[in-house]
Amino acid sequence: MGFLDTLLGRSKPVKPDLDRLFGLSTAAITLEAATGFTPTGLGSVCFRAAEGGAFARLQRDVQELLDADEGPKVEISTDSYGYTWILNRHDPAELPALVTDLHAVNATLEANGFGPHLLVSLVGFRGPEGQRLALVYLYKRGTFYPFAPLPGDKRDNALELQVRGAVGADLPFEDDLGRWFPVWGAPGL
């Protein structure tokens, strides 16, 4: 970062650290102890699909990699904004395996030059009264934030702040609350 960047208030972007995803396993234990939320066994990766045969082949390779085990097949969908979601399912008790699969998808896309297309990864949780929650990893920021949807495209902001307080020591949380984007209708939530 140069002198002009400092003078003009520009900051160097945070480099994504995909290994931070593995902190979700520890955070899930803390989250359950503090709030009663447990993993659903669902997780997804969101990215902007690129045009062309190379990306289509890579997407097929990722799907084949994840479908190679004996578990349920992954689901690929496109949302109303044109983003592609890869949904992965595991036994809720096998959160480390789910996180490993999410990491593999992200790392494969990144290693093949499609890192700038990655948006978020998320892991779903359920509360004691059936509340929904996701811990969302912002790829471009290398940070996490909680997302707690309510019916009618509303959010439970109090729960989101409670979750940040509960697991903030386990995961690097996004400090800018304006970047806690809603992921309405995200597969796995």
Side-chain angles (χ1 to χ4, degrees), residues 1 6 9-47 66 85-111 115-116 118-150 154-189:
M1 193 160 87
T6 303
R10 291 182 239 169
S11 62
K12 194 173 190 177
V14 176
K15 185 163 173 69
D17 181 0
L18 292 177
D19 289 344
R20 289 180 172 177
L21 287 170
F22 293 114
L24 285 166
S25 297
T26 304
I29 294 167
T30 305
L31 183 63
E32 183 174 2
T35 64
F37 277 82
T38 57
T40 61
L42 301 174
S44 54
V45 175
C46 179
F47 56 93
L66 296 175
W85 290 86
I86 295 180
L87 174 66
N88 201 334
R89 299 173 187 272
H90 276 273
D91 182 307
E94 296 177 3
L95 183 62
L98 174 63
V99 170
T100 299
D101 283 354
L102 297 177
H103 184 276
V105 171
N106 281 285
T108 301
L109 290 169
E110 184 180 67
L118 287 164
L119 185 63
V120 298
S121 295
L122 65 85
V123 172
F125 293 85
R126 281 272 184 259
E129 283 110 42
Q131 314 95 306
R132 296 179 302 152
L133 172 74
L135 288 177
V136 182
Y137 177 72
L138 281 169
Y139 177 80
K140 289 177 177 48
R141 304 277 294 175
T143 56
F144 289 86
Y145 68 91
F147 175 64
L150 293 171
K154 295 180 183 173
R155 297 170 74 167
D156 188 341
N157 296 95
L159 176 60
E160 291 174 358
L161 293 173
Q162 178 188 3
V163 168
R164 178 180 69 174
V167 297
D170 295 330
L171 298 172
F173 269 82
E174 176 59 48
D175 292 328
D176 182 357
L177 298 183
R179 293 188 184 270
W180 290 21
F181 303 110
V183 285
W184 306 118
L189 186 56

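A quick note: this is a predicted structure, and the numbers were derived from the prediction, not measured.
- Scanning for side chain to side chain contact (heavy atoms under 4.5 Å, CB included) contacts around Ile29 gives an empty result, with sequence neighbours left out.
- Atom CD1 of Ile86 and atom CG of Leu102 lie 9.5 Å apart (nearest 0.5 Å).
- Applying the side chain to side chain donor-acceptor pair (under 3.5 Å) rule to pairs touching residues 21-46 yields Thr30-Asp170, sequence neighbours excluded.
- For Phe22, the ring-ring contact (aromatic ring centres under 6.0 Å, His included) partners two or more places apart in sequence, or in a different chain, are His103.
- To the nearest 0.5 angstrom, Leu122 atom CG is 11.0 Å from Leu138 atom CG.
- Listed by first and then second residue, the salt bridge (charged side-chain N to carboxylate O under 4.0 Å, His left out) pairs involving residues 122-138 amount to none (not counting sequence neighbours).
- Counting all heavy atoms, side chain and backbone alike, Pro39 lies closest to Leu95 at CG-CD2, 4.1 Å.
- Counting only residues at least two apart or in different chains, side chain to side chain donor-acceptor pair (under 3.5 Å) contacts with residues 178-188 are absent.
- Nearest approach of Phe173 to Pro146, heavy atoms of both residues: CE2-CD, 3.3 Å.
- Heavy-atom minimum distance, Ala148 versus Leu159: CB-CD2, 3.7 Å.
- Listed by chain and residue number, Arg155 satisfy the side chain to side chain donor-acceptor pair (under 3.5 Å) test with Glu160 (two or more places apart in sequence, or in another chain).
- When all heavy atoms are compared, the tightest approach of Leu189 to Pro149 is CD2-CG, 3.7 Å.
- Partners of Leu24 according to the side chain to side chain contact (heavy atoms under 4.5 Å, CB included) rule, which considers only residues two or more places apart in sequence or in another chain, are Leu21, Val99, Val123, Leu135, Phe144, Leu171.
- For the pairing with Val120, the side-chain contact (heavy atoms from CB on, under 4.5 Å) check across Phe147, Trp85, Phe181, Tyr137 returns one residue only, Trp85.
- By the side chain to side chain donor-acceptor pair (under 3.5 Å) test, Ser121 pairs with Asn106, sequence neighbours left out.
- Under the side chain to side chain contact (heavy atoms under 4.5 Å, CB included) criterion, Ala97 pairs with His90, Glu94, sequence neighbours left out.
- In this view, Asp175 satisfies the salt bridge (Lys or Arg N to Asp or Glu O under 4.0 Å) rule with no residue, not counting sequence neighbours.
- With values rounded to the nearest 0.5 angstrom, Asn88 atom CG is found 4.5 Å from Asp101 atom CG.
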